[in-house]
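Throughout, residue positions are numbered sequentially from 1 according to the sequence presented. Heavy atoms only: backbone and side chains are in, while hydrogens, waters and symmetry mates are out.
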Amino acid sequence: MQDSVVADVRLAVDEACANVIEHAYRDNPYQEVQIALQIDLQRIHVRIVDSGISFDEEEYQEPNVVVLTKRGKSGGLGVHIMRRLMDRVEYTAGTDRNEICLIKHRPSTLS
């Protein structure tokens with residue numbers, strides 16, 4: 001597997017988990033995050049499940065990266081980063097659990 005694919009998945013998972021810890025669990029260290037990884041020939045699929053406060057996709061606004069960079073602001077780019085690195089990002093909010101699926105297609109090993 002290409003190093004760049006692994007790096008993309010690693011960073012996207014890190015951002016997703018950071019968002020769960022900071023926003024869904026409000027920095028409560030005593031909560032559980034479940035992570036399942038499935039790899040096959042075509043794709044890498046990561047499922048992250050939490051039971052915290054749901055993310056409201058309808059209220060999300062894509063950040064202006066240039067403005068944030070000029071202000072020297074850290075944070076606020078997690079969802080943007082996940083969407084840029086992964087081929088598909090799916091979020092499902094439930095009454096007692098939230099799930100984010102990160103999907104990255106693997107490059108063909110055939111020339």
Side-chain angles (χ1 to χ4, degrees):
M1 194 171 339
Q2 291 182 339
D3 289 344
S4 62
V5 171
V6 172
D8 288 353
V9 172
R10 182 182 301 154
L11 182 54
V13 169
D14 183 65
E15 291 293 337
C17 290
N19 281 350
V20 168
I21 293 165
E22 183 177 348
H23 302 291
Y25 290 145
R26 301 208 175 175
D27 293 323
N28 181 341
Y30 302 104
Q31 299 296 321
E32 183 176 286
V33 178
Q34 298 174 359
I35 303 171
L37 175 67
Q38 182 179 19
I39 301 173
D40 60 35
L41 294 175
Q42 288 80 33
R43 67 185 186 158
I44 301 167
H45 181 264
V46 182
R47 186 171 56 93
I48 301 165
V49 177
D50 70 82
S51 58
I53 299 165
S54 299
F55 169 66
D56 188 348
E57 284 187 283
E58 291 182 16
E59 287 192 19
Y60 176 76
Q61 294 180 13
E62 194 69 26
N64 184 323
V65 178
V66 175
V67 171
L68 290 177
T69 303
K70 285 182 180 179
R71 290 184 185 162
K73 184 177 184 307
S74 64
L77 294 173
V79 173
H80 174 77
I81 290 169
M82 286 184 276
R83 289 179 176 172
R84 298 281 296 191
L85 294 176
M86 304 304 288
D87 294 307
R88 224 166 69 213
V89 176
E90 301 170 350
Y91 182 78
T92 307
T95 54
D96 61 346
R97 64 184 247 153
N98 307 300
E99 181 176 304
I100 186 165
C101 292
L102 305 170
I103 298 162
K104 182 78 170 175
H105 298 290
R106 294 181 64 185
S108 174
T109 56
L110 303 175
S111 300

Inset, instruction - Search all heavy atoms of I48 against all heavy atoms of C17 and return the closest pair with its distance. - result: CD1-SG, 4.2 Å
Legend entry - hydrophobic_cluster_shared for V5 and V13, side chain cutoff 4.5 Å: yes
Legend entry - Side chain to side chain, R106 and I39, heavy atoms closer than 4.5 Å: yes
Inset, instruction - Could you give me the CA-CA distance, side-chain angles and deciding distance for V79 and E15, then say whether side chain to side chain contact (heavy atoms under 4.5 Å, CB included) is met? - result: CA-CA 8 Å; V79 173; E15 291 293 337; over 6 Å; no
Legend entry - Residues V46, I35; criterion side chain to side chain contact (heavy atoms under 4.5 Å, CB included); working and verdict: CA-CA 7 Å; V46 182; I35 303 171; 3.9 Å; yes
Inset, instruction - Could you tell me the separation between the CD atom of Q38 and the CD1 atom of I103, rounded to the nearest 0.5 Å? - result: 9.5 Å
Inset, instruction - Would you give the length of the straight line joining atom NE2 of H45 to atom SG of C101, rounded to the nearest 0.5 angstrom? - result: 4.0 Å
Inset, instruction - Report yes or no: do V33 and L102 belong to one cluster of Ile/Leu/Val/Met/Phe/Trp/Tyr joined by side chain heavy-atom distances under 4.5 Å? - result: yes
Inset, instruction - Drop me the distance from I44's CD1 to K104's NZ, to the nearest 0.5 angstrom. - result: 8.5 Å
Inset, instruction - Please report the shortest heavy-atom distance between Y25 and E32, naming the atom on each side. - result: OH-O, 2.5 Å
Legend entry - Atom of R88, atom of E90 and distance for their closest heavy-atom approach: NE-OE2, 2.6 Å
Legend entry - Test item: D87 side-chain N/O and H105 main-chain N/O as donor-acceptor pair under 3.5 Å: yes
Inset, instruction - Specify the closest pair of heavy atoms between D40 and R43, including all atoms of both residues, with the distance to one decimal. - result: OD1-N, 2.8 Å
Legend entry - Heavy-atom closest pair, residues E22 and D27: CA-OD1, 3.5 Å
Legend entry - From CZ (R47) to CD1 (I100), nearest 0.5 Å: 12.5 Å
Inset, instruction - Verify, without hydrogens or angle tests, whether N98 (side chain) and Y91 (backbone) share a donor-acceptor contact under 3.5 angstrom. - result: no
Inset, instruction - Answer whether the closest heavy-atom distance between the side chains of N19 and F55 falls below 4.5 Å. - result: no
Legend entry - Where M82 and A16 come nearest, the two heavy atoms and their spacing: SD-CB, 3.5 Å
Legend entry - Value rounded to 0.5 Å, distance of CD in E99 from CG in D50: 10.0 Å
